[in-house]
Amino acid sequence: MFDFFSSFQSPQDFLKLPLRRELQGDYNQKNLLIFDDNCNAMQNLLQNQSFNQGKTFKNSIDLVYIDPPFATNNTFRLGSTMSASLDSQIAYKDKFNLESYLEFLYYRLILIKELMSEKGSLYLHIDDKVGHYVKILCDEIFGREHFISDIARIKCNPKNFKRKAYGNVKDRILFYVKSNQYVWNEVCEEITKNDLHKRFKKQDERGYYTTIPLHAPGVTQKGESGQEWNGLKPPEGRHWRCSLNELDKLEKAGLIEWSKNGVPRKKVYAKDCKGKKIQDIWEFKDTQSPMYPTQKNNAMLKRIIQMSSNVDSLVMDCFCGSGGFLRESFLLERNFIGIDESKEAIKINQQNLCKCEYGFLKNMQEITKESKDNYSSRIINEVESINRVVLSTL
């Protein structure tokens, strides 16, 4: 079943290959937008010491998000993926069979892993047709023990086609890490008033509240969590969730409610609730009028950046397309590397980042004295004369 791996170069041999071509340009900046095949570009990031003041970018990227081709055998044009005409400008071509696709992705994932820091995470956006193959590929490169989640993303409204199949309203995001030191910021989902009324139905003088168990499944062989508290042992096959001292504190604070059967439960008040734990099913529908095919929901990208990177972290999207990930990264004060071999993608990225920067210039004049008009002209000239160079931005 996994014979295709035997035809690929080992990661060790592949990483020894020399650069196909050295990138030129102004790359001593915090943020980089690179026009090149991402395999060669990432090899430059790993080998070319000119990129980073005598250093390479090996082990330096805290977060990678990629939305690679899905092996659809289609040509994607600017505008809506459903309504773009044959006269529309070609954005990119996705012409792979399964084996060539997996080989294409295999070598790029090897480079991504090398660039990731020990705190690094990878979010790989893929569809259900090839996602299970890509999962095996990621297990091979990152290790099954470094797989964290398979996130189902609801991408559109329900479909009503006549094909003999269920409506396809989701794709998936595979979440892997390089080590157990990965960045994790617990961002919670906002609770609506309706959720609050459903969950916090009880009320006392402190406000609305609900209760949760003070014990959890599992028997404790050693330690105090299996011992008697207040004349009561945890039920058979369970243990106390917290120490006996903490139970005493909760009781003293009036945060334990006793049921009619004498079972203690912890009170949780609505006013203290910070939000809902984010689950592995996300609803982030894509725009119906994208600037670039496969453009993803910005709120979804913002969530990924907030959860798995910090302010001033270096993040990367090496299939940067419409540039939504780069834009949200900049707005959240991350440093970014964006890579794409589509000239149309580079143009859109430059235009969006130019607007993004100028919005900040209104309140942060000290960043640069360059005016909006001059900046826009420079962007356009760079893109029109582009030839496999690194474009520095912001």
Side-chain angles (χ1 to χ4, degrees), residues 31-42 45 61 63-84 88-96 101 104-105 108-109 111-112 115 122-127 130-131 134 153 155-156 171-174 284-305 315-332 334 336-356 379 382-383 386 388 390-391 393-394:
N31 302 293
L32 294 175
L33 181 59
I34 304 174
F35 174 58
D36 194 19
D37 166 65
N38 54 16
C39 187
N40 183 68
M42 287 190 285
L45 293 174
I61 297 175
L63 171 63
V64 179
Y65 168 83
I66 59 172
D67 180 19
F70 289 1
T72 61
N73 198 33
N74 288 327
T75 296
F76 290 83
R77 298 176 182 274
L78 295 184
S80 168
T81 55
M82 299 301 294
S83 61
S88 299
Q89 185 74 35
I90 292 176
Y92 71 94
K93 295 181 180 180
D94 180 4
K95 299 288 186 179
F96 293 99
Y101 176 72
F104 165 86
L105 207 52
R108 284 153 179 80
L109 289 172
L111 295 170
I112 286 170
L115 288 166
L122 167 69
Y123 287 76
L124 195 161
H125 210 134
I126 200 69
D127 69 2
V130 294
V134 175
R153 198 271 302 219
K155 61 181 180 177
C156 60
D171 51 25
R172 63 204 302 188
I173 304 171
L174 300 175
F284 288 110
K285 296 175 183 176
D286 292 329
T287 177
Q288 296 298 303
S289 302
M291 296 176 60
Y292 191 84
T294 71
Q295 181 176 333
K296 295 299 183 286
N297 184 295
N298 282 350
M300 177 195 73
L301 300 173
K302 181 178 180 180
R303 171 180 288 183
I304 290 171
I305 296 163
V315 304
M316 181 175 77
D317 181 354
C318 54
F319 295 88
C320 65
S322 66
F325 180 79
L326 306 187
R327 178 184 181 279
E328 294 301 321
S329 297
F330 180 74
L331 292 174
L332 291 168
R334 274 65 169 172
F336 64 76
I337 298 173
I339 308 170
D340 209 293
E341 65 175 347
S342 164
K343 186 173 182 179
E344 298 306 318
I346 295 296
K347 286 181 180 179
I348 290 172
N349 271 275
Q350 289 278 30
Q351 291 163 6
N352 286 342
L353 291 169
C354 175
K355 293 176 185 176
C356 184
I379 294 294
E382 283 181 344
V383 175
I386 199 166
R388 302 291 177 192
V390 180
L391 297 176
T393 64
L394 310 186

Heavy atoms only: give me the nearest [X]-[Y] pair and the separation to one decimal.
X      : Y      : result
Leu33  : Cys320 : CD1-SG, 4.0 Å
Gly131 : Ile126 : CA-CG2, 3.7 Å
Leu115 : Leu45  : CD2-CB, 3.8 Å
Cys39  : Leu111 : O-CD1, 3.5 Å
Ile337 : Leu326 : O-CD2, 4.0 Å
Ser342 : Phe35  : C-CE1, 3.8 Å

| From CA spacing to verdict: side-chain contact (heavy atoms from CB on, under 4.5 Å), Ile61, Ile112 | CA-CA 9 Å; Ile61 297 175; Ile112 286 170; over 6 Å; no
Are the side chains of [Y] and [X] in contact, using a 4.5 Å heavy-atom criterion?
X      : Y      : answer
His125 : Lys296 : yes
Ile339 : Asp37  : no
Pro69  : Phe104 : yes
Val64  : Val315 : no
Tyr123 : Leu174 : no
Met316 : Leu63  : no
Asn349 : Asn352 : no

| side-chain contact (heavy atoms from CB on, under 4.5 Å) between Asp67 and Gln295, worked out | CA-CA 9 Å; Asp67 180 19; Gln295 181 176 333; over 6 Å; no
| query | Among Ile305, Ile304, Asp317, Asn31, whose side-chain contact (heavy atoms from CB on, under 4.5 Å) with Ser329 holds? | reply |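 The side-chain contact (heavy atoms from CB on, under 4.5 Å) with Ser329 is passed solely by Ile305 among Ile305, Ile304, Asp317, Asn31.
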| message | Can you tell me which residue among Gln350, Glu344, Lys343 is in a side-chain contact (heavy atoms from CB on, under 4.5 Å) with Ile346? | response |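 Of the listed options, the one satisfying the test is Gln350.
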Given 3.5 Å as the limit, does a donor-acceptor pair link the side chain of [X] with the main chain of [Y], or not?
X      : Y      : value
Arg153 : Ile173 : no
Asp340 : Gly321 : yes
Arg334 : Leu332 : yes
Asp286 : Asn297 : yes
Asn38  : Cys318 : yes

| request: Kindly compute the distance separating CZ (Arg108) from CE (Met42), expressed to the nearest 0.5 Å. | output: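 One finds 6.5 Å between CZ of Arg108 and CE of Met42.
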| field | Pairwise distance CE(Met300) to CD(Glu328) - rounded to 0.5 angstrom | value |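 Going from the CE atom of Met300 to the CD atom of Glu328 covers 10.5 Å.
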| Pair Phe325 and Tyr65, ring centroids less than 6.0 Å apart |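 Yes: the rings meet the under 6.0 Å criterion.
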